[in-house]
Amino acid sequence: MNKGSFKFGTFKGVFIPSVLSILGVIMYLRLPWIVGEAGLLGTLSIILIAHVISVTTGLSISSLATDKKVEKGGSYYIISRSLGLPIGGTLGLAFFVGLSFSVSLYLIGFSEVFLSALGFEVTKDAIRLTGVMALLFVTILTFISTNLALKTQILIFLVLILSLVSIFFGQHHYQPTQPLLRFASESYTWIALFAIFFPAVTGFGAGVSMSGDLRNPKKSIPIGTMAAIFAGLIIYAGLSIFLSYNVDREFLRYDPAVLLNISLNAPIVIAGIWAATLSSALGSILGAPRILQ
């Protein structure tokens, strides 16, 4: 069989891993709280500035990817062939460590929602046990087949879209008396909220890390990366506008399950949270070893 038949295209190899890493635990569990704290104007400023950083970074990666031959190693390979092996190696190790530790962020979010949905007490030990089992599951999935892992991510993407539809078309009684435009009284500072949100926009590196598995990296990396970044920008901004006009501030600030309570179908949203967090962990597990290798 031709080796190229095992390679992936733009949608499956770059866009899906990237957009699923972007639309993860922070969108479901932290964005509503940030809207409640910062209001619409503050939240949009956080989202826009965070995406200015991710767009410029994505454009830089796209420029380097189209300028040189891209092989295995993702961001490490691109940087090392442009700025030299010492800098590339240093940044490559940082990318590897960052992706490896980000798995814990996603699995902790998954464990909290999973335990709550099943009625278990959310304790530190329960989160550890659930997280370890989830980690074993996604690790085994990647060992079986990268193709199977990416096919699973397409299914997860569909579940995520259904969960967003359920949120936008839900009927509830939590409407605010007026749109939430400005910061709440006694709120966190803007920079603190920005620091909490910013990891949400860094997930586009998951697609770049798949460079060695792409049929045409020079084409797929720029298109898939930038499409994922802008898709994330539209969804985050749209969800922020929706929440600020349709949900009372107190519910956004103090109810961790606010998205479940306002949705058309809560189980679909729970499935979306599970899917988003597991897929983000899956993307990191797929990417980190490829950079180190």
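Position 1 is the first residue of the sequence; numbering continues from there.
Every pair passing side-chain hydrogen bond (donor to acceptor under 3.5 Å, both in side chains) that includes a residue from residues 176-200 is listed here, sequence neighbours excluded: Glu37-Ser187, Ser45-Trp190. Listed by first then second residue, pairs satisfying side-chain hydrogen bond (donor to acceptor under 3.5 Å, both in side chains) with a partner in residues 197-206 number zero, not counting sequence neighbours. Pairs of residues two or more places apart, or lying in two chains, never qualify as ring-ring contact (aromatic ring centres under 6.0 Å, His included) while including a residue from residues 203-233. Listed by first and then second residue, the side-chain hydrogen bond (donor to acceptor under 3.5 Å, both in side chains) pairs that reach into residues 226-252 come to none, sequence neighbours excluded. Applying the side-chain hydrogen bond (donor to acceptor under 3.5 Å, both in side chains) definition to pairs two or more places apart or across chains, none involves residues 124-138.
The two residues Ser54 and Ile229 come nearest to each other via the heavy atoms O-CD1, 3.4 Å. Shortest non-hydrogen contact noted between Ser163 and Tyr28 is OG-OH, 2.5 Å. For the residue pair Ser166 and Val269, the shortest heavy atom distance occurs at OG-CG2, 3.9 Å. Here the closest heavy-atom approach between residue Thr66 and residue Pro222 is recorded as CG2-CG, 3.5 Å. Ala184 and Gly36 get closest at one heavy-atom pair: CB-O, 3.7 Å. Closest approach of Phe198 and Ala50 over heavy atoms only: CD1-CB, 3.9 Å.
When side chains are defined from C-beta on, Val35 does not count as touching Leu40, because their heavy atoms never get closer than 4.5 Å. The closest side-chain heavy-atom distance from Ile49 to Phe194 is below 4.5 Å. In this structure, the side chains of Val25 and Leu105 come closer than 4.5 Å at one or more pairs of heavy atoms. Two residues are said to be in side-chain contact when any heavy atoms from C-beta on lie closer than 4.5 Å; Val201 and Ile53 fail this criterion. The shortest distance between side-chain heavy atoms of Ile22 and Met27 does not fall below 4.5 Å. Looking at Ser220 and Arg215, their side chains never come closer than 4.5 Å, going by heavy atoms from C-beta outward. The side-chain heavy atoms of Ile87 and Ser80, taken from C-beta on, include no pair separated by under 4.5 Å. Looking at heavy atoms from C-beta onward, Leu193 lies in side-chain contact with Trp33 at the 4.5 angstrom threshold.
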Original post:
Given the rule in the side-chain contact (heavy atoms from CB on, under 4.5 Å) test, do Ile262 and Phe251 qualify, once you have shown the distances and angles that lead to the verdict?
Top reply: CA-CA 10 Å; Ile262 69 173; Phe251 287 101; over 6 Å; no
Original post:
Does the side-chain contact (heavy atoms from CB on, under 4.5 Å) test come out yes or no for Lys12 and Lys151, once each step is laid out?
Top reply: CA-CA 8 Å; Lys12 188 176 179 180; Lys151 285 182 178 178; 3.6 Å; yes
**OP:** Could you please spell out the steps behind the side-chain contact (heavy atoms from CB on, under 4.5 Å) verdict for Phe242 and Ile167?
**Re:** CA-CA 9 Å; Phe242 172 80; Ile167 291 169; 4.1 Å; yes
Subject >> Intermediate values then yes/no, side-chain contact (heavy atoms from CB on, under 4.5 Å), Ile221 and Ile61 >> reply: CA-CA 8 Å; Ile221 289 176; Ile61 291 175; 4.1 Å; yes
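By the 6.0 Å contact criterion, NZ on Lys219 is open, its count of non-hydrogen atoms from other residues, nucleotides or ligands being 12 or less. Applying the 6.0 Å contact sphere to CZ of Arg253 captures more than 12 heavy atoms from other residues, nucleotides or ligands.
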Taking distance alone, no hydrogens or angles, what donor-acceptor pairs closer than 3.5 Å link side-chain atoms of residues 112-123 to residues at least two apart or in another chain?
residue : atom : partner : partner atom : Å
Ser116  : OG   : Glu112  : O            : 2.9
Thr123  : OG1  : Ala126  : N            : 3.2

Kindly list each side-chain donor-acceptor pair under 3.5 angstrom involving residues 276-287, sequence neighbours excluded, with atom names and distances?
residue : atom : partner : partner atom : Å
Thr277  : OG1  : Ile273  : O            : 2.8
Thr277  : OG1  : Trp274  : O            : 3.0
Ser279  : OG   : Ala275  : O            : 3.0
Ser279  : OG   : Ala276  : O            : 2.9
Ser280  : OG   : Leu20   : O            : 2.8
Ser280  : OG   : Ala276  : O            : 2.9
Ser284  : OG   : Ser102  : OG           : 3.0
Ser284  : OG   : Ser280  : O            : 3.3

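Two different hydrophobic clusters hold Val208 and Leu93 under the rule that ILVMFWY side chains link at heavy-atom gaps under 4.5 Å. A single hydrophobic cluster is seen to contain both Tyr174 and Phe168, as judged by linkage of ILVMFWY side chains at heavy-atom distances under 4.5 Å, directly or through other members. Residues Tyr106 and Ile127 fall within the same hydrophobic cluster, defined by Ile, Leu, Val, Met, Phe, Trp and Tyr side chains chained together at heavy-atom separations under 4.5 Å. Residues Phe169 and Ile161 share a single hydrophobic cluster, defined by chaining ILVMFWY side chains whose heavy atoms lie under 4.5 Å apart. There is a path of hydrophobic side-chain contacts, each under 4.5 Å, that joins Val97 to Leu292.
With values rounded to the nearest 0.5 angstrom, Leu264 atom CG is found 11.0 Å from Leu162 atom CG. Between Leu233 atom CG and Leu44 atom CG the span is 9.5 Å, to the nearest 0.5 Å. The CG atom of Leu31 sits 10.5 Å away from atom CG of Leu23, with the distance rounded to the nearest 0.5 Å. To the nearest 0.5 Å, atom CD1 of residue Ile156 and atom CD1 of residue Ile16 are 10.0 Å apart. Note that CD1 of Ile196 is 9.0 Å distant from CD1 of Ile46, once rounded to the nearest 0.5 Å. To the nearest 0.5 Å, atoms CD1 (Ile79) and CG (Leu85) are separated by 12.0 Å.
Here Phe101 pairs with nothing under the ring-ring contact (aromatic ring centres under 6.0 Å, His included) rule; sequence neighbours left out. Here Asn265 pairs with nothing under the side-chain hydrogen bond (donor to acceptor under 3.5 Å, both in side chains) rule; sequence neighbours left out. Every residue two or more places apart in sequence or in another chain was checked for a ring-ring contact (aromatic ring centres under 6.0 Å, His included) with Phe137, and none qualifies. By the side chain to side chain contact (heavy atoms under 4.5 Å, CB included) test, Ala227 is found to be paired with Phe15, residues two or more places apart in sequence or in another chain being considered. The side-chain hydrogen bond (donor to acceptor under 3.5 Å, both in side chains) test applied to Thr225 returns no partner, not counting sequence neighbours.
When Leu259, Leu252, Asn261 are each tested for a side chain to side chain contact (heavy atoms under 4.5 Å, CB included) with Val247, only one passes: Leu252.
Put simply, the side chain of Ser63 never gets that close to the backbone of Ser60: no donor and acceptor are under 3.5 Å apart.
Ring to ring, Phe95 and Tyr76 are not that close: their centroids are 6.0 angstrom or more apart.
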